[in-house]
Q: 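Following this message is one structure expressed as structure tokens.
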Amino acid sequence: MSILIRNAKLFGESEVNVLIEGDTITDIGAGVGENASADTTIDATGLVLLPGLVDLHTHLREPGREDAETVATGTRAAARGGFTCVFAMANTEPVADTAGVVEQVFRLGQESGACDVQPIGAVTVGLNGTQLSELGAMADSAANVRVFSDDGKCVHDAVLMRRALEYVKAFDGVIAQHAQEPRLTEGAQMNEGPLSGELGLTGWPAVAEEAIIARDVLLAEHVGSRLHVCHLSTRGSVEILRWAKSRGINVTAEVTPHHLLLDDDLVRGYNPIYKVNPPLRSKDDVLAVREGLADGTIDIVATDHAPHPMEDKECEWQVAAFGMLGLETALSVVQKTMIDTGAITWARVAEAMSANPARIGRIDHHGRPLAAGEPANLVLFDPAATRVVDATDTASLSRNNPYAGIELPGRVVHTLLRGSFTVRDGELTEGAQA
Amino acid sequence: MKHLLSTRDLSREDATLILDTAQELLAVAERPVKKLPTLRGRTIVNLFYEDSTRTRISFEAAAKRLSADVINFSAKGSSVSKGESLKDTALTLQAMGADAVVIRHSASGAPHLLAESQWMRGAVVNAGDGTHEHPTQALLDAFTMRRHLGELDGKNIVIVGDVLHSRVARSNAYLLSTLGANVTLVSPPTLFPVGIETWPVATSYNLDASLESADAVMMLRVQNERMNASFFPSAREYSRRYGLNAQRVAKLAEHAIVMHPGPMNRGMEITADVADSDRSVIVEQVTNGVAVRMAVLYLLLSGSQTPEAIES
């Protein structure tokens, strides 16, 4: 099986042809393969060619909440978003805190066919923040876990965080911290600012995120470990990260698409579709995380795709679940906020959404360069397209899409995983729906 | 006006219309037969997710004096603790033909959710939502002040207590400012919300400094659960610094009135002798509450009729 992709714009710049044979890119460059007789030829004129995207922060909900999402549906949503690999967060039921659970998720991912799944292991047993999970067993399992996170909860105990950072050095792991000081955020509902006071919703202050990040970068420096900061959302967090990196601390950070685009003004109508953790922040914070992503302080964009069933969002704000969908809209939101504003190039998008997350997660078969001999994981994206987001037009089982009804630029046209289409002409292929 | 959700979105005209209407309706309470036929055949549901006997009976009396049918739906604890969802309750009320729902809920924004959903078509009246607003309380407070102080333009109103968690403080701050009063909120720094400087009010940490020029002083209830959450060191210290006692009342101008939305913690934010003194209009606030709620229900449900139509 060979595929010739013609006239794609590599990183949105020069036009190239890509020749794929089997699961590998065999040649790439201007005029490549013009005389070859490929089984399939794709005209990619006007489309941006990027390596297959990698999401370091996805909630697939399986096992436990198969009413919200399954590995099968979540990976299809990922493929539709241009992803070829997603890291599955550990806060399932049961929690992914043993080799058994991470291997189950890993196996479900292998069966999906739409997108690779790399499980994340819980730092502490049951996400309870009191006792380390068997991190080594998960690292040594078939799932080969390297990223550990209690996401949804913060590893707030300083000693436990120190030990976790130290312990994973034995297998080059990383602790991905959900930075949220728990006492400062008891009952927290939204960003703490003038609007929380007005709406009478308990505030989630920026300092609760920043204080943990500041502590953690100092711990990482002290013990010489690797730290990753999940979904950073405030200007102060960006500044702490910038300082930490200038000191040479081994820290990386992510921002979500929604924190790049949406701000806390949206909470005014009490619509729980905008309830997320960390909360939507101020307009100034939105600008700050964009700047951080542009200057490299923030290494990656990660979706924090968080499916929830309808009934958990059609209710009072206070009892609604935290989280929003993100896989199918991530690249469009990044185009809108970072490309169309001139803040970064597509080459930088490829770093932030493919190479860097793969490197942080220590997987070697994704986030590769687009070059001969490399695995044929790639996405072709039409930046000239626009669409009004329709929450029902999704592969996810859930509908908690904060962009529903708004117009976003761009469209994923083709996604290829190891030389096979998972999305072709904007539609999931049969192979991706097996 | 389709709903009454907050005082923040009440215009001066709407607020004045409600207060003027209440003034006319207050006369009804003084008649031997305290009933008007205005809302005959209309159904009003009191949907109370929180205990509040005084607010519920006030709305119930208001609706009944307008001849509406009243259904009391006590759903205490059922939504937040995984009972029937607000959506299903709303669908039920719609199916029963509720013309208006008076909702009290522990979650801020629950009345907004009800009003903006497609679940029911009736008018929604916020009878207190979480730590957000309690608009009819503010309206009855403004009404009471107007009866004692005249028009509120330029009047100095001091509101004292737990502003952070008080829906009464929020609703009063917006309404009284809209009506032209100078509002000063007094509280320990821990009980002001972040962003208070964006509110249309002055703020102070010092009760004594705020009393001399006050035309009305409103004391807010301090909830028991605040006492053990380090908002202030002890009940006694709070009482010393922010409680209204006879010494402080002595600093007030002759005409100044003392208010409290109830229920009071006697001995905490207000001493018993102050609560029961001539300055106190606390009992009158309750009476006025019925008239104000009648006005709100009347204006929401009887459409374009003018207050004069009440008389005919």
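In the text below, chain A, chain B and the rest are named by the order of the sequence lines, each starting its count at 1.
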Q: Using 0.5 Å steps for rounding, measure from the NE2 atom of B:H132 to the OH atom of A:Y270.
A: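 Going from NE2 on B:H132 over to OH on A:Y270, the span is 3.0 Å.
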
Q: What heavy-atom pair brings A:E316 and B:A107 nearest, and what distance separates the two atoms?
A: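 Smallest heavy-atom distance, with atoms named: CB-CB, 3.8 Å.
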
Q: Sub-4.5 Å heavy-atom contacts with chain A: which residues of residues 113-121 of chain B show up?
A: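 When heavy atoms of chain A are the reference, residues 113-121 of chain B contributes B:L113, B:E116, B:W119 within the under-4.5 Å range.
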
Q: Given a strict heavy-atom distance threshold of 4.5 Å, which part of B:Y174 is in contact with chain A: side chain, backbone, both, or neither?
A: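 Only the side chain of B:Y174 comes within 4.5 Å of chain A.
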
Q: Taking every non-hydrogen pair under 4.5 Å, which of B:G195, B:S108, B:A173, B:G130 racks up the most with chain A?
A: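 Sorted descending by pairs with chain A, the first entry is B:S108.
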
Q: Could you look at B:R8 and say if it's the side chain, the backbone, both or neither that has a heavy atom under 4.5 Å from chain A?
A: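 For B:R8, side-chain heavy atoms alone lie under 4.5 Å from chain A.
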
Q: Is atom NZ of A:K336 surrounded by more than 12 heavy atoms (other residues, nucleotides or ligands) closer than 6.0 Å?
A: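 No.
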
Q: Determine which residues belonging to residues 177-214 of chain A lie within contact range of chain B, meaning some heavy atom pair is under 4.5 Å apart, and list them by number or answer 'none'.
A: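 Under the 4.5 Å heavy-atom cut-off, A:E192, A:G193, A:P194, A:G197, A:E198, A:L199, A:G200, A:L201 qualify.
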
Q: With rounding to the nearest 0.5 angstrom, report the CE to NZ distance, A:M310 to B:K87.
A: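 Here the interatomic distance stands at 7.0 Å.
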
Q: Is the number of heavy atoms from other residues, nucleotides or ligands within 6.0 Å of CZ (B:R241) greater than 12?
A: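 Counting neighbours around CZ of B:R241, 12 or fewer heavy atoms of other residues, nucleotides or ligands fall under 6.0 Å, so no.
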
